[in-house]
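Below is one structure; the comments refer to it alone.
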Amino acid sequence: MKNIFIRRLGQNERNLCSFGHNCPQILEMADGDFAAVGPDMTHEAIPAMPPGPGVGPNERVVRIPRQVLIAARSEIPAA
C-alpha cells in the first residue's frame, strides 16, 4: 500500500492540528478516490441518520470540520 495518497487537499488549513495529531483532513488517493481523516462519530450518527443510507460493518461515519471541506473545495474535481 505504498504511495496510495497523492496529496492532501486544503493544505492551508493546518490550524486544526495539535502537534501532528488530531488533524482532520481530506486526502486524494492514487486511484482517484478520496479519504477523510476525522473523529469517528459512527455510534452517535447511526441512530440519527435519515431513512435510506446505512453504515456497513467495515464503514465508519467521520466528522469533517466545515473549514477543512471549504478549504479543499477548490481542489476537488467537478467530475
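As the structure is a prediction and not an experimental result, all values here were calculated from the model.
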Okay, side chain of Gln25, backbone of Cys23: is any donor-acceptor separation there less than 3.5 Å?
yes
Quick one: hydrophobic cluster around Val55, which other residues, with the 4.5 Å side-chain cut-off, linked directly or via members?
Met41, Ile46, Met49, Val61
Considering non-hydrogen atoms only, spot the tightest contact between Ile26 and Ala72 and give its length.
CD1-CB, 4.0 Å
Step by step, work out the side chain to side chain contact (heavy atoms under 4.5 Å, CB included) result for Val37 and Leu27.
CA-CA 8 Å; Val37 177; Leu27 302 158; 4.1 Å; yes
Of the non-hydrogen atoms in Arg60 and Thr42, which two are nearest, and what is the gap between them?
CA-OG1, 3.3 Å
Residue pairs meeting salt bridge (charged side-chain N to carboxylate O under 4.0 Å, His left out), one or both in residues 68-79, sequence neighbours left out, come to Arg7-Glu75
Smallest separation among heavy atoms of Ala30 and Asn3, with atom names:
CB-O, 3.8 Å
Asp33 to Asp31 - nearest heavy-atom pair and separation:
N-OD1, 2.9 Å
Any chance you could measure Glu28, atom CD, to Leu9, atom CG, to the nearest 0.5 Å?
6.0 Å
Would a single hydrophobic cluster contain both Ile70 and Ile76, if residues Ile, Leu, Val, Met, Phe, Trp and Tyr are joined by side-chain heavy-atom contacts under 4.5 Å?
no
Closest contact, heavy atoms only, Ala71 versus Ser74
O-OG, 4.3 Å
Which heavy atom of Pro47 sits nearest a heavy atom of Glu44, and at what distance?
CD-O, 3.6 Å
